[in-house]
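Any value given below was found using the heavy atoms of this structure, including those in side chains, with hydrogens, waters and symmetry copies removed.
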Number of protein chains: 2
Amino acid sequence: MTAPPPAPSSGPSTPRRRGRPPRAGRTAADVPAARDRILDAARETFAAHGYDKASVRAIARRAEVDPALVHHYFGTKEQVFEAAVAKAAAPVLAGPSVLAEGDPREIGERMTRLFFSVWENPASREPLLAIIRSVVTHQTAARIFRQFITKNLVSRVAQRLPAPDIETRIELAVAQLVGVAMLRYVLRAEPLASAEAEDLIRRLSPVVQFHLAGGPPPLPPEH
Amino acid sequence: MTAPPPAPSSGPSTPRRRGRPPRAGRTAADVPAARDRILDAARETFAAHGYDKASVRAIARRAEVDPALVHHYFGTKEQVFEAAVAKAAAPVLAGPSVLAEGDPREIGERMTRLFFSVWENPASREPLLAIIRSVVTHQTAARIFRQFITKNLVSRVAQRLPAPDIETRIELAVAQLVGVAMLRYVLRAEPLASAEAEDLIRRLSPVVQFHLAGGPPPLPPEH
DNA sequence: GGAAAAATTCATCATGTGTTGAATATTGCT
DNA sequence: AGCAATATTCAACACATGATGAATTTTTCC
């Protein structure tokens, strides 16, 4: 009723050309297909704002695409989330067979190194950030995260280090690393956020090893 | 257009009496003042859903009050959040002088016990849940959390255990505990979520102590 | 008693959301 | 040439949200 029709091709929001765009001789890898742009934009947006605040419209804007196209390709917003996270996290999830091999006395260091190799790489960090940012308010994300821990850590490590309380042990080790992720990558608390990864690996490996494989508790300080 | 006016005092949403309610001889502590009910409802709602999904309307509904009243008392939603968290977290923030006293060789256990004494008590757990649920997506909450860590942990412990890298040490210890909070209270991952607090204190204290006060790394398992 | 202040609800606005259906332009197949 | 499939945008719906201003009732103070 009070909505004035915007003058076409004059406002700051250029009205896009409708219909399927001409291919114009691109070899299909010139500008990435819209579908992939959407997936990337989704991953980045979810990582930056979490599930709820990452609107379909914001994703579409970032992908330079109409919001309807997002739905056209992926259906509901939840499916967009699953697709984006699944695509980006797949290589990470497939990776850590490192844990099941090698000297069990060094499994703590291997797990700590695996953690940082994933988190220090922006490409693999983003889907994890997206998950963590979403985990705390959204059920689906929480389920994904639990499955990640169970499938990729608990089962792999448990078969290597059988012990009655191994699940608790693994989760305490994971808790140490998740906490570091929270403080370093989500909260960006200093000085943790700027510390050298190698330094943190040195400090954390014995703790993770202690959690996983037990042994005598760390000694008190020499005082 | 399609909104039928609800028959007064017959539908499920009883249209409330307008204007200031009669005091009717209550000694002012009979039914808590609406202002306090709003604050409590806000704390519970923020704790349950995080900042973004906790709508002013939901808070008002829980407090059995009109949404406008929430704004009347507190202004913007952000101010509601600050007021609710500040009120509920105040006693917790004031507490931990435990850290600065006693044998430094047991500061790890004291800190771990402090952590669980706060998190195992629903009254003090809720504002922290609210903060954690909000920290990951909302800037204000992140600031509050950083201040909490800095003011109430870093400063207190640092003056007790001077060391060049004490800030990093403290944050690694905090990371261990924050990670446990994430897995146990936010994600509710089993078996951590159902473990006995005393058992966890036993397992975590040496790690926290190790982070804070150094000493030789925990020994490898006897194999 | 009368006026100001306080406590409360109602109605409404502007905005943003997820989602859908139709329209339009291009490609690829026959 | 024609036709189905595909890729894309437009326009709109139904709903939820944060916020505001006015109305209404009560208390409190003079």
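- Taking only side-chain atoms of B:A68, from C-beta outward, the nucleotide of D:dT9, C:dC10, C:dT8 with the closest atom is C:dC10.
- Separating the CZ atom of A:R37 from the P atom of D:dA7 is a distance of 13 Å, rounded to the nearest angstrom.
- Within the 4.0 Å cut-off from OP1 or OP2 of D:dT6, not a single side-chain nitrogen or oxygen of A:Y73 is found.
- One donor-acceptor pair, N or O on each side, does fall under 3.5 Å between the base of C:dG18 and the side chain of A:R57.
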Output a table of donor-acceptor pairs, distance under 3.5 Å, between side-chain atoms of residues 111-119 of chain B and any protein atom two or more places apart or on a different chain; print 'none' if there are none.
from: B:T112; atom 1: OG1; to: B:G108; atom 2: O; distance (Å): 2.8
from: B:R113; atom 1: NE; to: B:E109; atom 2: OE2; distance (Å): 3.0
from: B:R113; atom 1: NH1; to: B:E198; atom 2: OE2; distance (Å): 2.9
from: B:R113; atom 1: NH2; to: B:E109; atom 2: OE2; distance (Å): 3.3
from: B:R113; atom 1: NH2; to: B:E198; atom 2: OE1; distance (Å): 3.4
from: B:S117; atom 1: OG; to: B:L114; atom 2: O; distance (Å): 2.9

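- One can place CG of B:D52 at 13 Å from C1' of D:dG18, the figure rounded to the nearest angstrom.
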Side-chain donor/acceptor pairs under 3.5 Å, residues 78-88 of chain B, sequence neighbours excluded:
from: B:E78; atom 1: OE1; to: B:T140; atom 2: OG1; distance (Å): 3.2
from: B:Q79; atom 1: OE1; to: B:T76; atom 2: N; distance (Å): 2.9

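- Taken to the nearest 0.5 Å, the CG atom of B:N121 stands 10.0 Å off from the CD atom of B:E126.
- Rounding to whole angstrom units, CD of residue B:E78 and P of D:dG18 are separated by 12 Å.
- Checked against C:dT9, D:dC10, D:dT8, the side chain of B:D66 finds its nearest nucleotide in C:dT9.
- Proximity of B:S55 to the phosphate of D:dT17: a side-chain N or O atom is located under 4.0 Å from OP1 or OP2.
- Here the C1' atom of nucleotide C:dG18 and the NZ atom of B:K53 are 13 Å apart, to the nearest Å.
- Shown are A:R125, A:R133, A:R62; of these, the salt bridge (charged side-chain N to carboxylate O under 4.0 Å, His left out) with A:E44 is made only by A:R62.
- Summarising the geometry, the separation between CD on A:Q79 and C1' on C:dT19 is reported as 12 Å, rounded to the nearest angstrom.
- Side-chain proximity of B:L69 to the nucleotides D:dT17, C:dT8, C:dT19 is greatest for C:dT8.
- D:dT8 atom C1' lies 15 Å from atom CZ of A:R35, rounded to whole Å.
- Taking all atoms of both residues into account, the shortest heavy-atom contact from B:A130 to B:S134 is O-OG, 2.6 Å.
- Separating the NE2 atom of A:H72 from the P atom of D:dA5 is a distance of 13 Å, rounded to the nearest angstrom.
- Going from atom CD1 of B:I59 over to atom P of D:dT17 covers 11 Å, rounded to whole Å.
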